[in-house]
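Since the structure comes first, as structure tokens, the remarks are kept for the end.
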Amino acid sequence: MSKINLKSLSYHELSDWILSLGEKSFRASQIWLWLYHKNLSEFTGMTNISRQFQNTLKERAFIFTLPLSKTTNSRTSQTRKYLWKLNDGNHIESVYIPEGKRKTFCISSQVGCAVGCRFCATAEMGFIRNLEVHEIVEQVLAMQRHTGIRPTNLVVMGMGEPLLNYNNVMKALWILNHQDGLAIGHRKVTVSTSGIVPIIEQYIRDRHPFNLAVSLNAADNETRSGIMPINRKYPLDSLIRAVKLYARQSRKRVTFEYVLIKGVNDSPEDAHRLLNLLSGIRCKVNLIAYNPVRGPWSRPDDQCIHAFAEIIRPLCAPVTLRLSKGDDINAACGQLATTATDRHGYNL
Ligand code: SAH
Ligand code: SF4
């Protein structure tokens, strides 16, 4: 009989399983508090659970933990990157980004990524596999154990395209959001997508409450298809239509991420096109300076970035410039790739 992996169960699944063992369903709440509030990795410490039931749990279930392969601290910020080893030998990364009171945990959704954006290090790995629910949930718990800090914000912006691992990512987020889980409010959780239109539509139908961020990176089809091949399958008009539908239904502001790459998408004309494209959409825009990973591209200079931000100011949207925290340790956006980090000095 294979053991139950507790961190892969929703609250309902756990209470059903507990009932099937002849126990009372309130045990589910107790177990979750130990797993998620106390972040316990062993049954022995669950002091309000009888020794007898602890033994049953030990026989029939287990608490999955992610072994740490390596942590890297940024020299220029407090950002810290964690490399975890999965049971099958693959590695994934998560990033801890403290900024004042805000403690953001950035987690991965897949090993590698199939989307193939030309500017992204993860794309170089190709797609290896989807992460399981417990592997997604445990990234947050493991970082919490290592930092001793509870996340205030959670972003699914690490390795992988979360909407291509939709069911597992959503189930994991609901576990983390649950009152007896980690209780991270849905307004503090953001899922970032490269724009998988049919799954955005499903996300809208399923009425998930988490924030959506869309990696736009260009405001015309030619430029976008050149750097994000997924745009040929789901071009801008279909993406914007889906985003508008989402904004209308959820009444939330959508975040658009725009990686500025010198000479590719950073001209005043590009900024005006972006202004046109997004006018009328309640949104936030995150301008991110490109983190060089390979190839001929570089980041624009600060003056150019500020000029770009100035042009899109009339969107009446908060425009934020992401300072790419942690890029000295390849923990910044698009630099999360275990094959790439191998080459940056990891000894796996
Ligand atoms: N697959 C999802 C989430 C992971 S990528 C997505 O694409 O949205 C998270 C963010 O990192 C995206 O906004 C992406 O555009 C950005 N990114 C990727 N490579 C980058 C790089 N080299 N420099 C800066 N940002 C990058
Ligand atoms: Fe995948 Fe996102 Fe990287 Fe594109 S930017 S290759 S979707 S991880």
Side-chain angles (χ1 to χ4, degrees), residues 79 92-95 97 104-131 136 139 154-166 169 173 189-197 199-200 203 210-219 223-234 239 243 254-262 264-266 284-300 305 320-341 344:
T79 299
I92 49 163
E93 290 174 325
S94 317
V95 188
I97 311 157
T104 303
F105 285 16
C106 172
I107 56 172
S108 295
S109 56
Q110 299 180 312
V111 187
C113 183
V115 177
C117 304
R118 300 256 312 277
F119 48 82
C120 173
T122 306
E124 272 188 271
M125 297 173 70
F127 173 67
I128 298 174
R129 71 168 173 88
N130 280 332
L131 291 184
I136 301 170
Q139 287 175 65
L154 194 61
V155 294
V156 191
M157 288 188 189
M159 289 165 58
E161 167 49 54
L163 294 194
L164 292 180
N165 186 15
Y166 181 71
V169 169
L173 294 182
V189 178
T190 302
V191 179
S192 174
T193 178
S194 56
I196 315 293
V197 171
I199 320 281
I200 296 177
Y203 186 90
F210 313 111
N211 304 315
L212 204 61
V214 174
S215 299
L216 199 59
N217 302 330
T223 311
R224 193 163 191 270
S225 298
I227 56 177
M228 299 179 73
I230 192 76
N231 190 68
R232 293 204 193 94
K233 200 160 176 191
Y234 309 117
L239 177 58
V243 168
V254 187
T255 300
F256 289 102
E257 293 161 288
Y258 194 104
V259 179
L260 284 161
I261 310 173
K262 190 173 183 173
V264 173
N265 62 359
D266 65 338
K284 290 180 239 181
V285 182
N286 266 346
L287 293 179
I288 310 166
Y290 171 64
N291 293 310
V293 285
R294 83 202 124 105
W297 290 332
S298 59
R299 73 172 63 188
I305 296 175
T320 54
L321 291 178
R322 209 187 290 167
L323 297 171
S324 288
K325 286 184 182 300
D327 59 352
D328 63 318
I329 55 167
N330 295 318
C333 307
Q335 294 187 326
L336 298 182
T338 50
T339 51
T341 47
H344 287 98

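When reading the values below, keep in mind they use all heavy atoms of this one structure, side chains included, and skip hydrogens, waters and symmetry mates. It should be emphasised that the depicted structure is a prediction, and the values quoted were computed from it without experimental measurement. Both counts, for ligands and for their atoms, begin at 1 and track the order of listing. Nothing fancy with the numbering, it's 1 onward along the sequence.
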- Message: For ligand 1, which is the ligand I care about here, please tell me if F119 has any N or O atom under 3.5 Å from one of the ligand's N or O atoms.
- Response: yes
- Decide whether an N or O pair under 3.5 Å exists between Y290 and ligand 1. no
- At the 4.0 Å heavy-atom cut-off, does C113 count as touching ligand 1? no
- Are E161 and S109 close enough that some pair of their side-chain heavy atoms sits under 4.5 Å apart? no
- Message: As a check for students: among S192, S215, G195, S109, identify the option with a heavy atom nearest to atom 7 (O) of ligand 1.
- Response: S215
- Task: Between N217 and ligand 1, find which residue part has any heavy-atom pair under 4.0 Å and reply side chain, backbone, both or neither.
- Result: side chain
- Could you tell me whether ligand 1 has any atom less than 4.0 Å away from a heavy atom of P292? no
- Item | Per-atom contacts of ligand 2 with G116, taking only distances under 4.0 Å to non-hydrogen atoms | 6 (S)
- Item | Residue pair S192 / S215, side-chain heavy-atom distance below 4.5 Å | yes
- Item | Any N/O pair V156/ligand 1 closer than 3.5 Å | no
- Task: Indicate if the distance from atom 3 (Fe) of ligand 2 to the nearest N, O or S atom of C120 falls below 2.8 Å.
- Result: yes
- Query: When you look for heavy atoms under 4.0 Å from ligand 1, do you find them on the side chain of E257, its backbone, both, or neither?
  - Reply: side chain
- Task: Measure the distances from the heavy atoms of S215 to every atom of ligand 2 and state whether one is below 4.0 angstrom.
- Result: no
- Give the numbers and elements of all ligand 2 atoms closer than 4.0 Å to a heavy atom of S194. 7 (S)
- Ignoring hydrogens and angles, state whether a donor on the side chain of N217 or R224 is under 3.5 Å from an acceptor on the partner side chain. no
- Item | Numbered atoms and elements of ligand 2 in range of A123, under 4.0 angstrom, heavy atoms | 6 (S)
- side chain to side chain contact (heavy atoms under 4.5 Å, CB included) between L260 and Y290, worked out: CA-CA 5 Å; L260 284 161; Y290 171 64; 5.9 Å; no
- Item | Atoms of ligand 2 close to G160 [distance to a heavy atom under 4.0 angstrom, numbered from 1] | 8 (S)
- Taking non-hydrogen atoms only, is V259 closer than 4.0 angstrom to ligand 1 via side chain, backbone, both or neither? side chain
- Message: Between L164 and I196, is the side chain to side chain contact (heavy atoms under 4.5 Å, CB included) condition met? List the steps.
- Response: CA-CA 8 Å; L164 292 180; I196 315 293; 3.9 Å; yes
- Task: With C106 as reference, evaluate E93, M159, M157 under the side-chain contact (heavy atoms from CB on, under 4.5 Å) test and give the passing residue.
- Result: M157
- Short list, please: which atoms of ligand 2 are under 4.0 Å from a heavy atom of C113? 1 (Fe), 6 (S), 7 (S), 8 (S)
